[in-house]
Amino acid sequence: MCGICGILHLENTTSNKQQRQQTVQAMNQALHHRGPDEAGVYHDKMASLAMRRLSIIDLGGGQQPIFNEMGDVCVVFNGEIYNHKALEAGLDTPYEFRTKSDCEVILPLYQQKGLSFIDELQGMFAFVLYDEEKDAYLIARDHMGIIPLYTGYDEHGNLYVASEM
């Protein structure tokens with residue numbers, strides 16, 4: 001079991017960014033029991049994402065957030081994609097995988113197919129993908145809703161996402 005959390009769609013001010021970073025750090029710490037092996041955090045001017053990891057696949061190299069080759073798209077992920085090897089083999093253009101993690105395939109799929117790739121994922125999962133270049137995000141979970149994922153807005157219009165309330 002792992003855990004993810006984040007805050008998205010924010011005003012671009014220093015005070016909001018500092019508060020957001022502190023809030024996401026606290027949210028991530030609250031998820032410690034979901035992933036005691038390691039933690040990862042990503043902050044930029046419009047998004048903060050974090051995750052707690054229980055290392056199962058790619059023990060030495062599957063740290064998150066995972067970034068695309070250009071470093072402008074990242075993903076935090078909870079769950080398992082059963083058909084990730086088949087998806088990797090079926091990519092339209094080559095992609096240099098830096099991990100053996102099943103979730104890294106999300107990055108080239110998103111770049112090559114846009115949002116339609118979600119229908120190709122088989123497994124149980126929840127993830128948040130942030131595209132810094134487009135200032136866009138994608139929040140998704142498996143079709144059956146096996147992996148928990150909660151979302152909500154605060155009074156300022158910031159979108160919160162987490163594996164637990």
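Nothing here was measured: the structure is a model prediction, and the numbers come from that model.
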Quick check: does any side chain N or O of [X] sit under 3.5 Å from a backbone N or O of [Y], one acting as donor and the other as acceptor?
X	Y	result
N83	A86	no
R52	H33	no
R20	G6	no
S163	I4	yes
E69	E96	yes

query: Salt-bridged, K113 to E120, with N to O below 4.0 Å?
result: yes

Roughly how far, to the nearest 0.5 Å, is [atom2] of [Y] from [atom1] of [X]?
X	Y	atom1	atom2	value
N158	L8	CG	CG	9.0 Å
E104	T99	CD	OG1	3.5 Å
E80	I146	CD	CD1	11.0 Å
L138	L115	CG	CG	5.5 Å
N68	Q111	CG	CD	4.5 Å
C2	Q64	SG	CD	6.5 Å

Taking every non-hydrogen atom, the tightest pair across [X] and [Y]:
X	Y	value
N28	G40	ND2-O, 3.9 Å
C5	V24	SG-O, 4.1 Å
I66	C103	CD1-SG, 3.6 Å
I147	D142	N-OD2, 3.1 Å
I118	H143	O-CE1, 3.7 Å
D92	Q112	N-OE1, 2.7 Å

All salt bridge (charged side-chain N to carboxylate O under 4.0 Å, His left out) counterparts of E164, not counting sequence neighbours:
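For E164 the salt bridge (charged side-chain N to carboxylate O under 4.0 Å, His left out) partners, ignoring immediate neighbours, are R34.
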
In residues 123-131, what donor-acceptor pairs under 3.5 Å come from side-chain atoms, sequence neighbours left out?
{"unit_1": "Y130", "atom_1": "OH", "unit_2": "D135", "atom_2": "OD1", "d": "2.7"}
{"unit_1": "D131", "atom_1": "OD1", "unit_2": "E133", "atom_2": "N", "d": "3.1"}
{"unit_1": "D131", "atom_1": "OD1", "unit_2": "K134", "atom_2": "N", "d": "3.0"}
{"unit_1": "D131", "atom_1": "OD2", "unit_2": "Y110", "atom_2": "OH", "d": "2.7"}

With a 4.5 Å limit on heavy-atom distance, are the side chains of [X] and [Y] in contact?
X	Y	answer
D154	Y160	yes
H84	Q122	no
F77	M51	no
H43	Q25	yes
V75	L49	no
V41	S48	no
I106	L87	no

Y95 meets the ring-ring contact (aromatic ring centres under 6.0 Å, His included) criterion, sequence neighbours left out, with F97

Establish whether V161 and Y153 are linked, either directly or via other cluster members, by ILVMFWY side-chain heavy-atom contacts under 4.5 Å. yes

Show, in sequence, the C-alpha distance, side-chain angles and deciding distance for Y42 and F67, and conclude whether the ring-ring contact (aromatic ring centres under 6.0 Å, His included) test is met. CA-CA 10 Å; Y42 165 79; F67 294 86; 5.6 Å; yes

